[in-house]
Amino acid sequence: MAQTGSETPAEVSVGALEAQRLSKLEAIKSRGIDPYPVRFAGKQNIADIRRESFGENNDLTPAEDAAHVATAGRVVAIRDMGKAQFLQIQDQSGRVQVYAGNKTLGEDDYFVLRNLDLGDIIGIKGRPFRTKTGEASIHADELKILSKNLAPLPVVKEKDGETYDGISDIELRYRQRYIDLAVNAEARATFTLRSAILREIRDFLHRKGFMEVETPMMQAIASGAAARPFTTHHNALDIDLYMRIAPELYLKRLIVGGYEKVFEMNRNFRNEGISTKHNPEFTMIEIYQAYADYNTMMEITQDIFEHLSVTLLGSTEMPYGQHTISLKKPWKKIGYLESIKEATGLDFEKFLGEENPSVTEAKKMAASAGLKAEGLHTFWEVVDLAFSEKVEPNLIQPTIVMHYPKAISPLAKSIPGNEHLVERFEPYITGREMGNAFSELNDPLEQERRFNEQASQKASGAEETMETDDDFVTALKVGMPPTGGLGIGIDRLVMLFANKSSIKDVILFPLLRPNK
RNA sequence: GAGAAGCUAGCUCAGUCGGUAGAGCAACUCCCUUUUAAGGAGUGGGUCCCGGGUUCGAUUCCCGGGCUUCUCACCA
């Protein structure tokens, strides 16, 4: 590392606690012990030791001459009894108590014990045994410092499942997730679950013969969705690029190329507001299957949710906030306009035949239902307002909302014999949109017309429309088989399974404004 | 972008009707070799988010700023 010009006055800003630990660090060093050794050999998982030495149900007592074990982890509790101490150490698999004193430790190891702090990472070897009070423990005859803790961690004490102190500062949990993870078992469980969800989804699709692919995240045209993109710049080519808002148009190019079952699960980027449901970068899965349609995608959607709940939670019923969600299929299905009519009495269906349905008329209707639509520019924005205000929040149990107006679905195929509605659906759970799917439009000339319509909607004031991608139209001219496509927001899915109300609780490092 | 709330010891929080502040845990010293929210005795620890203003005096009141959270707006 290069030195930065001025000498950083590290000592000046070091707090008292850190200074104390630095002096312990010095003491360890000056005794010739490396506080950051290169390795610790033979570490066993704490959970494995517990299972092997103390039994599946913690009902075995190791023999006096039981084989010694070795493990390592962070010191999360110290109970000092004088010349011996009880420690609790934690690794990824769990916690175990360690009993260590001068009778069994060598002089150097005992010195380390005397200079131990909460948060230090140690490696131990010793004999598994049970204490008088029955606690599964390891009687250490070796204790090595593996990493000295200089920035003290919050202390979490627990009894009978109740937690004392700990850390609850939300900002600190997001900014310094490593502390959150080190200290809060709940946080570790959430992200372990997230990882398991990703694995199970991939596994599920691979078993069904899907192929995972990667398409560009930097794109010259940000299309496939209606959203504001981030811009970036490539120096050598001297061109501006967009971070993708969706992989959709590239995945369909692969169907054109002849792959029949593909999916991509990765990040999208949208330059929009941040909320409990929105993070600027978020994870989405998009799935495409040739010779299939939106009905196929409905099955896949329900199967994925059911598979995840059965595999990971052992049940199709799950708690979410005040609710109990049942993911068992078949889910309820309802038409988009029908759902609005049901909830508000407003019938927008009769406008479907009109070339240019009147915004003014729509606003009048919206106002009669108590909706504030003043700022909106197009007819369909008003309709969507009615849906998101009056219908969406009440879709707690899994619901498939289907048959959207063509005007707001530029990539979806029309229902045969219906000029105005498309074969599209969105699954809703807990009042949140979880995905979006349709029978993919594969008529290149029709696609071109739809792109043009989007452009003219933009000209007439719509905030968000889809960009035209001419090469994608060319791809469709080469010929794409009838295809079903599906997108699912992974972060929101994880929120459901982890019972979290903020998207930041399921993203390891959510975007925050930099401090200072 | 707007409104509301919050920001005090390493952590969780109290408090000061304006007189530079406290608890528990953590830390430090000492006692204790089967404890477990270990226990006992003692000690230290603060830019009260930042900057101005009013005032003899501001952590407290006023103004401005920062960051976070919630709601709204934006947004599939």
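In the text below, chain A, chain B and the rest are named by the order of the sequence lines, each starting its count at 1. Bear in mind that the values here come from a model prediction, so they are computed numbers and not experimental data.
- Nucleotides B:G6 and B:C48 have their C1' atoms positioned 14 Å apart, rounded to a whole Å.
- Heavy atoms only, all atoms of each residue included: A:A343 and A:V391 are closest at CB-CG2, 3.9 Å.
- A side-chain donor from one of A:D505 and A:Y174 sits under 3.5 Å from a side-chain acceptor of the other.
- Checking B:U34, B:A26, B:C75 against the side-chain heavy atoms of A:M81 singles out B:U34 as nearest.
- Judged by distance alone, the side chains of A:S53 and A:R130 never bring a donor and an acceptor atom under 3.5 Å apart.
- Regarding A:R21, its CZ atom lies at a distance of 14 Å from the C1' atom of B:G45, rounded to whole Å.
- Between A:K157 and B:A38 there is a side-chain polar atom (N or O) within less than 4.0 angstrom of OP1 or OP2.
- Nucleic acid contact for A:L118: sugar-phosphate only, since backbone atoms but no base atoms lie under 4.0 Å from a heavy atom of the residue.
- Pair assignment for B:A38: none, as no Watson-Crick or G-U wobble contacts are both less than 3.5 Å.
- Distance noted for atom C1' between B:U29 and B:G15: 30 Å (whole Å).
- Comparing B:A21 with B:U60, their C1' atoms are spaced 11 Å from each other, to the whole Å.
- Both distances falling under 3.5 Å, in either a Watson-Crick or a G-U wobble arrangement, occur for no nucleotide opposite B:C32.
- There is no side-chain donor-acceptor pair under 3.5 Å between A:Y99 and A:Q97.
- Judged by the 6.0 Å and 45° rule, A:R31 forms a cation-pi pair with A:F111.
- Taking a pair to require two hydrogen-bonding distances under 3.5 Å in either a Watson-Crick or a G-U wobble arrangement, B:A26 remains unpaired.
- Judged by distance alone, the side chains of A:Y250 and A:E264 never bring a donor and an acceptor atom under 3.5 Å apart.
- Two residues, A:Q97 and A:I408, neighbour RNA chain B, and the one matched to the more 5' nucleotide by heavy-atom proximity is A:Q97.
- Below 30°, between 30° and 60°, or above 60°: for A:H403 and A:Y294 the angle between ring planes is between 30° and 60°, a tilted geometry.
- Within the 4.0 angstrom heavy-atom criterion, base atoms lie near A:K103.
- In this model, no side-chain donor or acceptor of A:E135 finds a partner on the base of B:U34 within 3.5 Å.
- Atom name C1', nucleotides B:G18 and B:G53: the rounded distance is 15 Å, in whole Å.
- Taking atom CD1 of residue A:I503 and atom P of nucleotide B:C75, one finds them 17 Å apart after rounding to whole Å.
- Note: CZ (A:R74) to P (B:A26) measures 18 Å, nearest angstrom.
- Remark: B:A58 base-pairs with no nucleotide; criterion is Watson-Crick or G-U wobble with both hydrogen-bond distances under 3.5 Å.
- A salt bridge links A:K144 and A:D109; the closest N-O separation between the charged side-chain nitrogens and carboxylate oxygens is under 4.0 Å.
- Remark: the separation of the C1' atoms in B:U59 and B:A9 is 14 Å, to the nearest Å.
- Ring geometry, A:F305 versus A:F497: the interplanar angle falls under 30°, so the pair is classed parallel (tilted spans 30 to 60°).
- A close approach under 4.0 Å does occur between a side-chain nitrogen or oxygen of A:R79 and OP1 or OP2 of B:A38.
- Closest to the side chain of A:L17, out of B:G10, B:C75, B:U35, is B:G10.
- Here B:U71 sits opposite B:A2 as a Watson-Crick or G-U wobble pair (both hydrogen-bonding atom distances under 3.5 Å).
- Side-chain contact annotation: A:Q90 with A:R95, donor-acceptor N/O pair under 3.5 Å present.
- In this structure, the nucleotide among B:U34, B:C25, B:C75 sitting nearest to the side chain of A:E272 is B:C75.
- Between A:F269 and A:F230, the two ring planes are perpendicular [angle over 60°; tilted spans 30° to 60°].
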Review item, nucleotides 68-70 of chain B N/O atoms under 3.5 Å of protein N/O:
from  : atom 1 : to     : atom 2 : distance (Å)
B:U68 : OP1    : A:R513 : N      : 2.8
B:U68 : O4'    : A:E171 : OE1    : 3.1
B:U69 : OP1    : A:K504 : NZ     : 3.2

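- Here the shortest heavy-atom pairing between A:N279 and A:L511 reads OD1-N, 3.4 Å.
- Using a 4.0 Å heavy-atom distance criterion, A:E426 is classed as a base contact.
- B:U47 is unpaired under the Watson-Crick or G-U wobble criterion, no partner having all donor-acceptor distances under 3.5 Å.
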Give every pair of a protein N or O atom and an N or O atom of nucleotides 29-31 of chain B that lie under 3.5 Å apart, one pair per line with the distance.
none

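- Judged by distance alone, with hydrogens and angles left aside, A:S168 brings no side-chain donor or acceptor close enough to the base of B:U12 to form a pair under 3.5 Å.
- Listed pair A:K24 / B:C28 meets the phosphate criterion, a side-chain N or O lying under 4.0 Å from OP1 or OP2.
- Comparing the C1' positions of B:C7 and B:C13 gives an interatomic distance of 13 Å, to the nearest angstrom.
- Comparing B:U55 with B:C50, their P atoms are spaced 23 Å from each other, to the whole Å.
- Using C1' as the reference atom, B:U8 and B:U16 are 11 Å apart when rounded to the nearest Å.
- Between the side chain of A:T133 and the base of B:U34 there is no donor-acceptor pair of N/O atoms closer than 3.5 Å.
- Nearer to the 5' terminus of RNA chain B, by closest-nucleotide assignment, is the contact made by A:R130 (compared with the other of A:R130 and A:A77).
- Among the nucleotides B:C28, B:U33, B:U12, the one closest to any side-chain atom of A:I167 is B:U12.
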